[in-house]
Q: 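Structure in structure tokens, see below.
By convention in this document, chain letters (A, B, ...) are assigned in the order of the sequence lines, proteins followed by strands, and residues within each chain are numbered from 1.
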Number of protein chains: 2
Amino acid sequence: MNAQRRRADATENRARIVEAARELVADGGEVMLNAVAKKAGVGQGTLYRHFPTRDDLFAEVYRQDVEELVDAAPALVAEYDPLSALSAWFDRLVAYARVKRGVLAAVEAGVRRDLADHSHGPIGDAVTTLLEAGKADGTIRSDVDARDVVLLVGYLSRLDDGEWDGRARRLLDVVLDGLRRGA
Amino acid sequence: MNAQRRRADATENRARIVEAARELVADGGEVMLNAVAKKAGVGQGTLYRHFPTRDDLFAEVYRQDVEELVDAAPALVAEYDPLSALSAWFDRLVAYARVKRGVLAAVEAGVRRDLADHSHGPIGDAVTTLLEAGKADGTIRSDVDARDVVLLVGYLSRLDDGEWDGRARRLLDVVLDGLRRGA
DNA sequence: ACCTGAACACCGTTCAAGT
DNA sequence: ACCTGAACACCGTTCAAGT
């Protein structure tokens, strides 16, 4: 499972696939899987061996970005009050989603996997950390979980380019208000 | 543009395409456009002549359902307070979305077209009616529009089958709280 | 003016052969 | 054990010919 057990060429192919995908994403537009394989200089079958689904590939492409999002959560909770921490985390999420549209898909795929595993992975843990802090001090409603939050912010992936400035952040505030514990 | 100007065979073909699509949707699973044409007994080209995009077709397939949603809005506003009216309208939306998953796509496509036209169509008008009532009496925040609401409820189309009971309605309440004018 | 459907285009996925 | 890439499968879209 880990890199040490893999053959050296397999490890390198995997890295080249991820790097090729990252570059194609940066070029903008739709990313075709066969184009990723071609750019990486591997056969299509090799791509499928390493990444059975499209989500698996892009989760890895954005692993570092997602990791930063995940790591930020505990720090924000420690520094700010729960609602401010969640709001600040949303800010980061929007920033990533704007520049790297695929990050949101990686986050969604991650939370979906977490849910299917019946065990929280890093992403589910991060969002849960933010929510639990607010539930503990009564500022966030107790009947929401990580999956709920990811579902609600999913609109970000359906925004047209021209709508970002007008809606992306403002609607996160609407969501945030919805997550507040009601009067 | 209207049916009277069309040739009789064209009018009938259009109706048969919509009916075929409706039946295929009812059968469940993914609907292939060529399968719609085949079932309707028309050439693929004919389908494209009548419905240039997939959204155009399904907006028509669900026109009646969408019409009911649209018509319900003014009646609800007349009968209930604005927040209750919006909540009741959400109830209907969930009911349609649950039984006929495509309805939401039709609504989204409709609002998107409304937005692109810079003029509100029926769907945009319906949601706007609900929002304006609440803005007028101060129960709904003034900085949201129809497109915002449609974006936020879009999570419904991404719910897994097993999640409906647990999340569909509960998250609409979260959205509703977010739309409330804050303290 | 409208319809047909073969043909094309596109892209994800597999698998027999090779190293 | 892993890789290659031709071939397949699938489905949306077009367009020359026909009515």
Q: With sequence neighbours left out, what residues match B:D177 under salt bridge (charged side-chain N to carboxylate O under 4.0 Å, His left out)?
A: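 Testing B:D177 for salt bridge (charged side-chain N to carboxylate O under 4.0 Å, His left out), a comparison that skips the adjacent residues, returns A:R141, B:R180.
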Q: Could you list the donor-acceptor pairs under 3.5 angstrom formed by side chains in residues 19-44 of chain B, with sequence neighbours left out?
A:
from, atom 1, to, atom 2, distance (Å)
B:E19, OE1, B:R22, NE, 3.4
B:R22, NH1, B:V61, O, 2.9

Q: Under 3.5 Å, sequence neighbours excluded: what are the donor-acceptor pairs made by side chains of residues 104-112 of chain B?
A:
from, atom 1, to, atom 2, distance (Å)
B:E108, OE2, A:R158, NH1, 2.9
B:R112, NH1, A:D160, OD1, 2.9
B:R112, NH1, A:D160, OD2, 3.3
B:R112, NH2, A:R158, O, 3.3

Q: Can you check the B:K38 NZ to D:dG12 P distance for me, whole Å?
A: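 From B:K38 NZ to D:dG12 P: 14 Å.
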Q: Answer yes or no: does a side-chain N or O of B:N13 lie under 4.0 Å from OP1 or OP2 of C:dC2?
A: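 Result: no.
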Q: Can you list the residues that meet the side chain to side chain contact (heavy atoms under 4.5 Å, CB included) rule with B:D114, with sequence neighbours excluded?
A: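 Once residues adjacent in sequence are excluded, the partners of B:D114 under the side chain to side chain contact (heavy atoms under 4.5 Å, CB included) criterion are B:I123.
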Q: Taking only distance into account, with no hydrogens and no angle test, what donor-acceptor pairs under 3.5 Å do side-chain atoms of residues 125-132 of chain B form with protein atoms, sequence neighbours excluded?
A:
from, atom 1, to, atom 2, distance (Å)
B:T128, OG1, B:H120, ND1, 3.2
B:T128, OG1, B:G124, O, 2.6
B:T129, OG1, B:D125, O, 2.8

Q: Can you name the residues that form a side chain to side chain donor-acceptor pair (under 3.5 Å) with B:S157, not counting sequence neighbours?
A: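 In terms of side chain to side chain donor-acceptor pair (under 3.5 Å), with neighbours along the sequence ignored, B:S157 is linked to no residue.
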Q: Show me, range against range, the stems involving DNA chain D, built from at least 3 consecutive Watson-Crick or G-U pairs below 3.5 Å.
A: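 DNA chain D stems, ordered by first number: C:4-8 with D:12-16, C:12-16 with D:4-8.
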Q: Compare the minimum distances between each of C:dC11, D:dC11, C:dC2 and the side chain of B:M32, then state the nucleotide with the smallest one.
A: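 Closest nucleotide to the B:M32 side chain: D:dC11.
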Q: Any chance you could list the contact pattern along nucleotides 13-19 of chain C? Use B for base contacts, S for sugar-phosphate-only contacts and - for none, protein heavy atoms under 4.0 Å, 5' to 3'.
A: BBB----
Q: For residues A:T53 and A:D55, is any side-chain donor paired with an opposing acceptor at under 3.5 Å?
A: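 The criterion, which ignores hydrogens and geometry beyond distance, is not satisfied for A:D55 and A:T53.
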Q: Sequence neighbours excluded, which residues qualify as side chain to side chain contact (heavy atoms under 4.5 Å, CB included) partners of A:R169?
A: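 Side chain to side chain contact (heavy atoms under 4.5 Å, CB included) list for A:R169, sorted by chain: A:S87, A:F90, A:D91, A:L172, A:D173.
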Q: Mind calculating the distance between CG (A:L47) and P (D:dT4) to the nearest angstrom?
A: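 A:L47 atom CG is separated from D:dT4 atom P by 11 Å.
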Q: Check this one for me: any side-chain N or O of A:H50 less than 4.0 Å away from OP1 or OP2 of D:dC3?
A: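 Checking D:dC3 against A:H50, a side-chain N or O does come within under 4.0 Å of OP1 or OP2.
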Q: Nearest whole Å is fine: how far is C:dG12 P from A:F51 CZ?
A: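 A:F51 atom CZ is separated from C:dG12 atom P by 16 Å.
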